[in-house]
Amino acid sequence: MKKVLIMFGVIIAIFVIVVVSFVGIYNSLVQSQEQVNSAWAQVENVYQRRADLVPNLVETVKGYASHEKITFLTVTEARGKAIAASKNITVDDLDDQAKIQAFQEAQAQLSGALSRLLLIVENYPDLKASQNFLALQSQLEGTENRIAVERRRFNEAARAYNAQIRQMPANIIAGMFGFKAKAYFRAEEGSEVAPKVKF
């Protein structure tokens with residue numbers, strides 16, 4: 001009788017250890033996934049900040065270079081596509097590399113359009129000295145730096161999460177509960193060459 005009770009106690013202890021480990025791993029996966037989601041929210045936040053700056057920047061440049069209509073139109077269209085791309089992707093799509101790529105391409109188009117807009121400034125000395133323009137330029141530079149930082153943080157969070165769901169025994173629990181690998185931001189073609197911006 002005593003042996004049966006001991007065996008029963010051992011089985012119960014093993015069962016409790018397994019359950020506690022299972023819950024711990026599951027909670028850890030949820031926490032890592034939320035870190036990825038939070039990092040993505042920051043990525044969206046800084047891209048939205050840039051999109052919010054664009055109309056003011058365009059209006060400021062318009063005041064000095066009103067005939068550069070094609071450039072203004074290009075920037076406006078690129079901004080619209082970038083905003084639409086932001087609305088077309090949610091945290092549930094972060095395991096879809098194609099959607100991340102589409103988002104990245106739309107943002108890259110806006111970056112290119114903004115670069116062309118800023119090149120106009122070279123021909124307008126008064127614009128280069130405008131306090132409004134200088135303030136917007138400074139904010140835009142800061143935003144571009146924030147975008148780079150938040151993208152790096154997102155990739156780091158995604159890398160940690162992806163490694164976690166591939167390791168034993170977390171991969172079993174990840175498979176059982178549908179935890180999928182997250183996509184990364186990838187370097188854009190030609191990004192190894194630093195852009196040249198002249199004022």
Side-chain angles (χ1 to χ4, degrees), residues 36-155 157-158 182-199:
V36 175
N37 294 345
S38 173
W40 176 254
Q42 278 303 108
V43 168
E44 286 188 317
N45 184 34
V46 290
Y47 274 119
Q48 183 61 51
R49 174 185 160 87
R50 180 171 73 169
D52 292 342
L53 285 172
V54 169
N56 291 334
L57 186 66
V58 168
E59 287 304 312
T60 302
V61 178
K62 263 185 185 177
Y64 294 87
S66 58
H67 60 283
E68 303 279 359
K69 292 179 182 172
I70 293 175
T71 304
F72 299 139
L73 184 63
T74 303
V75 172
T76 303
E77 286 178 354
R79 178 181 180 266
K81 287 178 183 175
I83 291 173
S86 297
K87 290 180 180 174
N88 286 337
I89 190 167
T90 67
V91 291
D92 295 330
D93 300 321
L94 296 182
D95 55 355
D96 188 340
Q97 187 66 52
K99 286 195 173 184
I100 293 282
Q101 183 68 30
F103 175 84
Q104 192 172 350
E105 286 174 4
Q107 298 298 341
Q109 284 181 5
L110 179 56
S111 295
L114 280 174
S115 294
R116 288 190 290 280
L117 178 71
L118 293 175
L119 283 174
I120 291 175
V121 176
E122 192 173 348
N123 299 325
Y124 298 90
D126 291 342
L127 175 55
K128 280 195 282 190
S130 164
Q131 290 301 313
N132 285 340
F133 174 75
L134 291 175
L136 284 167
Q137 181 192 357
S138 175
Q139 288 189 44
L140 195 58
E141 286 173 356
T143 301
E144 293 298 326
N145 289 335
R146 290 181 193 182
I147 287 172
V149 169
E150 297 304 339
R151 282 175 50 154
R152 177 176 56 78
R153 288 179 178 165
F154 171 79
N155 275 350
K182 303 297 183 186
Y184 295 109
F185 275 107
R186 301 194 186 282
E188 294 161 23
E189 197 169 317
S191 62
E192 67 279 6
V193 180
K196 293 180 181 175
V197 180
K198 293 162 59 180
F199 291 102

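By convention here, the first residue in the shown sequence is residue 1. A quick note: this is a predicted structure, and the numbers were derived from the prediction, not measured.
Across every non-hydrogen atom of L117 and V61, the tightest pair is CD1-CG1, 4.0 Å. The shortest non-hydrogen separation linking K182 to N37 is NZ-OD1, 4.5 Å. Residues R146 and V46 approach most closely at CB-CG1, 3.7 Å, considering heavy atoms. Summarising the geometry of S86 relative to E44, their closest heavy-atom pair is O-OE2, 3.6 Å, with the distance given to 0.1 Å. Summarising the geometry of A129 relative to L134, their closest heavy-atom pair is O-CD1, 4.1 Å, with the distance given to 0.1 Å. Across every non-hydrogen atom of S66 and F72, the tightest pair is O-CE1, 4.2 Å.
Counting only heavy atoms from C-beta outward, the side chains of F133 and D126 never approach each other to under 4.5 Å. Looking only at side-chain heavy atoms (C-beta outward), L118 and L57 come within less than 4.5 Å of each other. Using a 4.5 Å heavy-atom threshold, the side chains of T71 and V58 count as separate. Using a 4.5 Å heavy-atom threshold, the side chains of I89 and D96 count as separate. Between V149 and R152 there is a side-chain heavy-atom pair separated by less than 4.5 Å. Inter-residue side-chain proximity for Y184 and I100 is flagged as unmet; no heavy-atom pair is nearer than 4.5 Å. Residues I147 and T143 are in side-chain contact: their nearest non-hydrogen atoms beyond the backbone lie under 4.5 Å apart.
Partners of Y64 according to the ring-ring contact (aromatic ring centres under 6.0 Å, His included) rule, which considers only residues two or more places apart in sequence or in another chain, do not exist here.
Just one of E77, R79, K81 meets the side-chain contact (heavy atoms from CB on, under 4.5 Å) condition when paired with L110; it is R79.
Without hydrogens or angle criteria, N56 side chain to L53 main chain gives no donor-acceptor distance under 3.5 Å. For the pair Q104 (side chain) and F185 (backbone), a donor-acceptor distance under 3.5 Å is absent.
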Audit row: R50, L114, side-chain contact (heavy atoms from CB on, under 4.5 Å) steps and yes/no: CA-CA 10 Å; R50 180 171 73 169; L114 280 174; 3.9 Å; yes

Give the C-alpha distance, both sets of side-chain angles, the deciding distance and a yes or no for side-chain hydrogen bond (donor to acceptor under 3.5 Å, both in side chains) between Q101 and E105. CA-CA 6 Å; Q101 183 68 30; E105 286 174 4; 3.2 Å; yes

side-chain hydrogen bond (donor to acceptor under 3.5 Å, both in side chains) assessment of E141 paired with N145: CA-CA 6 Å; E141 286 173 356; N145 289 335; over 6 Å; no

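Here the straight-line distance linking atom CD of E59 with atom CG of N132 works out to 11.5 Å at 0.5 Å rounding. Between the CG atom of L136 and the OG1 atom of T60 there is a distance of 4.5 Å, given to the nearest 0.5 Å. Rounding to the nearest 0.5 angstrom, the gap separating the CG atom in D93 from the CZ atom in F103 is 11.5 Å. For the atom pair OG1 of T76 and NZ of K69, the computed distance is 13.0 Å after rounding to the nearest 0.5 Å. To the nearest 0.5 Å, atoms NZ (K128) and CD (E122) are separated by 6.5 Å. Atom CZ of residue R151 and atom CZ of residue R186 lie 11.5 Å apart, to the nearest 0.5 angstrom.
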